[in-house]
Number of protein chains: 2
Amino acid sequence: MSANMKDVADLAGVSLSTVSRVINDSNLVSKDTAYKVKTAIKKLDYQINESARVLRTNISKLVGIIGAGMDNPFLMKTLKSMEAEAIKENYNIIYGDSDGELEQELYYINMLKQKKIDGLIIITAKFSDELIEMVRSIQIPTVFASGYIKNPDLVAVTVNNVKAAEDVSDYLFNFSDYFGIIRGPYKDSVASEERMIGVINKYRENNVKLKDKYISEGDFSYESGYRAAQELFKKNSDLKTIFSFSDQMAIGAIRYCYDNNIKIPEDVSIVGFDDIEVARFTKPSLSTVSQSGAELGVKSMKLLLKLMNNESVTNNKEFVSHKLVIRESSKSINIIKS
Amino acid sequence: MSANMKDVADLAGVSLSTVSRVINDSNLVSKDTAYKVKTAIKKLDYQINESARVLRTNISKLVGIIGAGMDNPFLMKTLKSMEAEAIKENYNIIYGDSDGELEQELYYINMLKQKKIDGLIIITAKFSDELIEMVRSIQIPTVFASGYIKNPDLVAVTVNNVKAAEDVSDYLFNFSDYFGIIRGPYKDSVASEERMIGVINKYRENNVKLKDKYISEGDFSYESGYRAAQELFKKNSDLKTIFSFSDQMAIGAIRYCYDNNIKIPEDVSIVGFDDIEVARFTKPSLSTVSQSGAELGVKSMKLLLKLMNNESVTNNKEFVSHKLVIRESSKSINIIKS
DNA sequence: ACGATTTCTGAAAACCATTTCATTATTTAC
DNA sequence: GTAAATAATGAAATGGTTTTCAGAAATCGT
């Protein structure tokens, strides 16, 4: 059907090796020959057969990304910027959505390995031993994005959840003696666990007992935020402030307040986490921790590119910057504005 | 490094051909032999070399998806469900974000072709001749998702934009003599063009002249919706109703109203398009045209799978269902509720 | 002008699976 | 029991590159 290297070689009157050299920009081929080959390539509209090349070299120029929940706006930004970063170096992205299921993750890892990916990025909230063992066994450069991981061998990029939660806590203690928390799942969410640690630190620092009834669990979705707010208000009639571990849950909570005639920020202040795009446009707009999904994507991919090129990676843990952005959903006290 | 088919063959005491047959579930191999081979595979932890297989068969089990603006919540759902649908049949997704740039699209198409993708889905708003020509030339089964395309040869799945816009128009004419329109870009947005046609149809049917000042252009983003609303109100002091061609723009517009003391829906009713997840949680929640991104994804991928399997495709244009969902942003008049 | 480098090119092996064709072993049919 | 059909297996060709090794041609040094 389409021309192969042999055809080009014949037309140009040279050998296979020479054509290959021209294609790979080898410097040991003369100008004249190179020119002949190039015109032959043009004339035949020759395109290299990638699978043959991969078979021979074991280099696929493919990066696998296994992600949990592409319908999360924050992660979508991350994914998009990862892709943009990868394509600069001519890497394509194979994406698999694990929905956060370990089984799916393992399945994809195996599948992607067979496709000969050169590198892998895993976006997950849970770090089971099984997953880590699998990653180790495949012997493919891997970066974990989002979700801190204690293991010193693993390469990871993440927001500093503890610090960010501390910042929010500091801010909220300005308003009231305690604040309600809409946390993420108890099970398997490292991010949620770490943010909780930040909160606990600050409760302790302020000598306030962190009671169970201040805490309500969500799953990061809008709906769960709505329900969690309901629960919080039922248990704490005098609640003045809420820290939600995701913007989506915060927006759900705001909606609950609206439905129940609770004024924000007059009656209650709410702070979210993520700074998704819509956070600036809700009514009231949402105070939140801004962490750049794009930055997460870029940093992770850059790190992976280094690993794939065997460049030395001095620091295998990187933090993505964050800042507390105060908007209308919380009473303003001179802190960072946006 | 890792075992290959030869190793398996040797260990099992059979030939290469036999191993290959076992792997491919060929029925012309005896139970006993098959068993021997399978245990050998297990013992060696043998994994097939995909690139060799692809080289030989020209089947990669890879589907390319080229998308424009995947940070759009609606398209995220689409992408996710495409992936889910593909993996059921053991196809992996290679994803490239074109940002809607033709140049990028062409670049990706070429790149993906080299990676030997078995099928391609293109999500774009613009259908230049160049793009269509390119798609034709690569000879790979292709489906266009989102954005109707007149060309009878091409396979496409899309929402019925004209009809949907007509539905909204009918609804809005209940409230007032004319309504403002926040449309999508004039340039290269088929969806926007088609929705405009629906609007025009109904203006004509109602014998109302559609004046230029009723129309304001956005680019589907939150910000542009804010600005467009501003423009509309400046030009039409008595504006009572707005049809926004995306939810994101509608939310931007709502925010503008809020900032300018315009009450929704008391003063102005707004209807969006897409029914993104947050639309149910904004304040007021957003009346909109619900079109399922998931359905779009599933239908497109199913169609592509058929094409790739050479099954006959009776209808190469499919519509995704839509319905008008009335929420708080528009005064209710007994129509569909949600 | 002669040997020593350097530059350029080609032949052939390697990567690993699939598939056709031929062959042997086993059944079936009569 | 023999011919004919069927089932099971293997040998070898094939797909299209990259890369090592060796050799030819050109350049250099003196």
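Each chain gets a letter, A, B and so on, in the order the sequences are listed, and its residues count up from 1.
- When distances are taken from the side chain of B/Thr57 to each of D/dT9, C/dT19, C/dC8, the shortest belongs to C/dT19.
- Without hydrogens or angle criteria, B/Lys115 side chain to A/Lys61 main chain gives a donor-acceptor distance under 3.5 Å.
- Other residues, nucleotides and ligands contribute over 12 non-hydrogen atoms within 6.0 Å of the CD atom of A/Glu311.
- Contact annotation for A/Asn24: backbone-only contact, meaning every heavy-atom pair under 4.0 Å involves sugar-phosphate atoms and none involves a base.
- Listed by residue number, the members of residues 5-23 of chain B with any heavy atom below 4.0 angstrom from DNA chain C are B/Met5, B/Ser17, B/Ser20, B/Arg21.
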N/O-N/O pairs, protein side and nucleotides 4-6 of chain D side, under 3.5 Å:
none

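- When rounded to the nearest whole Å, the span between CD1 of B/Ile41 and P of C/dA17 equals 10 Å.
- Side-chain atoms of A/Thr33 and A/Ser30 include a donor-acceptor pair closer than 3.5 Å.
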Test log, rule salt bridge (Lys or Arg N to Asp or Glu O under 4.0 Å), inputs B/Asp10 and B/Lys6: CA-CA 6 Å; B/Asp10 290 349; B/Lys6 180 76 168 45; 3.1 Å; yes
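- Dashed line: the shortest gap from a side-chain N or O of B/Asn4 to OP1 or OP2 of C/dC15 is not under 4.0 Å.
- For NZ of A/Lys126, the number of neighbouring non-hydrogen atoms (other residues, nucleotides, ligands) closer than 6.0 Å is greater than 12.
- Look at CG on A/Asp32: it is 16 Å from P on D/dA25, rounded to the nearest Å.
- Of the options A/Leu102, A/Ile122, A/Ile109, A/Thr142, a side-chain contact (heavy atoms from CB on, under 4.5 Å) to A/Met134 is made by A/Ile109 and by none of the others.
- Contact annotation: B/Asn49 side-chain N/O to C/dA17 OP1/OP2 distance is not under 4.0 Å.
- At a cut-off of 3.5 Å, with distance as the only test, no side-chain donor of A/Tyr108 or A/Asn110 sits close to an acceptor on the other residue.
- Each of A/Ile87, A/Ile93, A/Thr78 was checked for a side-chain contact (heavy atoms from CB on, under 4.5 Å) with A/Met301, and the lone residue meeting it is A/Ile93.
- Atom CG in B/Asp25 sits about 13 Å away from atom P in C/dT19, given to the nearest Å.
- Between B/Glu50 atom CD and C/dT18 atom P there is a gap of 9 Å when expressed in whole angstrom units.
- At D/dT17, one or more side-chain N or O atoms of A/Tyr46 fall inside 4.0 Å of OP1 or OP2 (strictly under the cut-off).
- Rounded to a whole Å, the NZ atom of A/Lys36 is 10 Å from the C1' atom of C/dT9.
- In this structure, B/Leu55 places its CG atom 12 Å from P of C/dA17, rounding to the nearest Å.
- Within the 3.5 Å criterion, the main-chain N or O of A/Ser321 finds a donor-acceptor partner in the side chain of A/Glu295.
- Put simply, CD on B/Gln47 is 14 Å from P on C/dC16, counting in whole angstrom units.
- If you check distances only, the side chain of B/Arg53 never reaches the base of C/dT18 with a donor-acceptor pair under 3.5 Å.
- In this structure, B/Ser51 reaches neither bases nor backbone, as no heavy-atom distance under 4.0 Å exists between it and the strands shown.
- More than 12 heavy-atom neighbours from other residues, nucleotides or ligands sit within 6.0 angstrom of CG on B/Asn90.
- Put simply, CD1 on A/Ile48 is 9 Å from C1' on D/dG16, counting in whole angstrom units.
- Residues B/Lys31 and B/Arg56 each lie close to DNA chain D; by heavy-atom proximity, the contact nearer the 5' end of the strand is made by B/Lys31.
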